[in-house]
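Only one structure is covered here, and it is reproduced in the block below.
From a predicted model like this one, the values you see are computed outputs, not experimental measurements. Below, read A as the first sequence line, B as the second, and so on, with proteins coming before strands; counting in each chain starts at 1.
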Number of protein chains: 2
Amino acid sequence: MNTRDRILDVTTELFRRHGYNGTGLKQIVAGANAPFGSVYHFFPGGKEELGEAVIRRAGQMYLEVIEAIWDAAADPRGGVRDIFHGAAAAMVETDYIDPSPIGTVALEMASTSEPLRQATADVFESWIGYSAARLEAAGADPKRSRELAIAVVALLQGAFVLGRALRSPEPVEAAGRAAVSVVAAALTR
Amino acid sequence: MNTRDRILDVTTELFRRHGYNGTGLKQIVAGANAPFGSVYHFFPGGKEELGEAVIRRAGQMYLEVIEAIWDAAADPRGGVRDIFHGAAAAMVETDYIDPSPIGTVALEMASTSEPLRQATADVFESWIGYSAARLEAAGADPKRSRELAIAVVALLQGAFVLGRALRSPEPVEAAGRAAVSVVAAALTR
DNA sequence: GTCTATACTTTGATAGAC
DNA sequence: GTCTATCAAAGTATAGAC
C-alpha cells in the first residue's frame, strides 16, 4: 500500500480511539511507518488537511456500506435493522472502538476549525440525504422523510456515544429497535 | 464564588467547546483567574481528577433539569418534548456549543482513561435509570422501559452531534419528534 | 518522494516562596 | 491557600540532504 493511504488508514484508526486532539502527528507517522515529512508532502495543510481527508473518506466509505445494506435488505425496516446490527457487532469485535471517527471529531472541533466542522456536516448531510431518498422511495411522506432520516442518523450516533461509554452493545441494539419502530410508523401511515 | 467552583465552571465551559484533549490546564487557570497551583491543590489527581469531577457534576445538574421538566410536564410526551425543545433553544442561544460536555468526553476518552469512561457511563446510566422509572410510572411495559429510555438518551446525544456539526437546531427538533413518537407508541400499547 | 534533524510552542506537572 | 518559576515531554511545523 502507498504511503498516502497508510497515513490515512492509521489516522482513521487513531481518530476512532482517541479523537482528533488526542492523536499526535508523531503517533501517526510511527504507525504508518512513514517519514515525518511525508505527512506534509501529501497534506500540505498539515494536521487539519489530513483530518479533513480522513473525515471525508470515512464518510464516503460509510455511505457505501449503508447503500449496500439497503440494497440487500428486503424492506426499509430490514435495512435499518441490519445497519444497527452490523454496528453493534463491529463494536463488540473491536472492543468498543468508535465505529466511525466522524462524531468524535464533530464534537471536538465544531467550535475550533471551520474546515473540519464543514467536513463533518457534509458527511452527515450525505447520509441524511441518501437515507431520506430511500425512505421516500419506500413510501414515506416526502415532507417527513428528511426528519425521519435525521432521527435514524441521530439514533446511530447517539448509540455510539452510549455504547462506547457503557462498553456494551445494548445501546446500539436498543436504538436500532427504536429506529425500526419510527420508520415503520412512518411507512404504514 | 470560591476558587474550586470557578475552576469547575470554566473547565465545564471549555470542555463543551473543545472537549477534554482540546482544553489546556493553562487555559483553565487563566479563565478561572486562579493560580496554577490551585488546580493541584483542589484536584491532586491533576487534569484527570478535574475532568472526572466536571463530568459527574454536569451529569448531576442535567439529571436535576430533566427531573424538573418531567415534574412540570402534563404527561410523558410533554416531558420528552420539552427536554428536546429546551436543548434546541440552548444550542441556538449559545451559538451551537455542546449543551453538555459529557458526550464529547465519552467519545474522546473511553479508550484512554478508565476513570473518565466510568464517570461518563455512570452519568448516562443515571439518566437512563431515571427516565426508565418515569416511563414505567406512566404505564410503559417494565420490560421495555429501559430500552425506551436508552433510545431517548441516544436521540438526544446524537442530536447534539448533528446539531453541532450542521450548526442548526433542526436535528434536535427532529430527534425530539422521533422521541415523542417512540414514547407515545410504547404508552398506548 | 523519502528521510532526518531540528525549531518553536504548548502541554501537564512539580517545587518552593509567601 | 495563593502564586511564581521552572521542568521534561509532547505537540505541530519546517528546512534541507539524499
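- Side-chain contact check for Arg16(B) and Ser111(A): no donor-acceptor pair (N or O, by modelled atom type) lies under 3.5 Å.
- Of the listed nucleotides (dA13(D), dT14(C), dT2(C)), dT2(C) has the atom at the smallest distance from the side chain of His41(A).
- To the nearest angstrom, C1' of dA13(C) lies 14 Å from CG of Leu50(B).
- Within the 4.0 Å cut-off from OP1 or OP2 of dG1(D), not a single side-chain nitrogen or oxygen of Ser38(B) is found.
- Rounded to whole Å, atom C1' of dT10(C) lies 14 Å from atom CD1 of Ile28(B).
- When each of Asp122(A), Leu116(A), Val105(A) is checked for a side-chain contact (heavy atoms from CB on, under 4.5 Å) with Glu52(A), only Leu116(A) meets the rule.
- Put simply, CZ on Arg4(B) is 13 Å from P on dT2(D), counting in whole angstrom units.
- Between Asn21(B) atom CG and dA10(D) atom C1' there is a gap of 13 Å when expressed in whole angstrom units.
- When heavy atoms are screened at a 4.0 angstrom cut-off, Gly37(B) is found touching base atoms of the nucleic acid.
- Seen from the ring of Tyr20(A), Lys47(A) counts as a face-on cation partner, given the 6.0 Å and 45° thresholds.
- Using modelled atom types, one finds a donor on one side chain and an acceptor on the other under 3.5 Å when comparing His18(B) with Thr112(A).
- Nearest to the side-chain atoms of Pro35(B) among the listed nucleotides dT4(D), dT4(C), dA13(C) stands dT4(D).
- When the P atom of dG11(D) is taken as reference, atom NE2 of His18(A) falls 11 Å away, rounded to whole Å.
- Nearest-nucleotide assignment on DNA chain D puts the 5′-proximal partner with Ala34(B), out of Tyr20(A) and Ala34(B).
- At whole-Å resolution of the value, CD in Glu48(A) and C1' in dA13(D) are 14 Å apart.
- Note on Phe43(A): nothing from the nucleic acid sits closer than 4.0 angstrom, heavy atoms only.
- Nucleotide dT2(D) holds its P atom 15 Å from the CZ atom of Phe36(B), rounded to whole Å.
- Rounded to whole angstrom, the span from the CD atom of Glu49(A) across to the P atom of dA13(D) amounts to 11 Å.
- Counting only heavy atoms from C-beta on, Lys26(A) has its side chain closest to dG11(D) among dT14(C), dT2(C), dG11(D).
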| message | The test is side-chain contact (heavy atoms from CB on, under 4.5 Å); show your working for Trp70(A) and Ile83(A) and say whether it passes. | response | CA-CA 8 Å; Trp70(A) 273 99; Ile83(A) 289 169; 3.9 Å; yes
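- Between dT2(D), dT14(D), dG12(C), one nucleotide has an atom nearer to the side chain of Thr3(B) than all others, and that is dT2(D).
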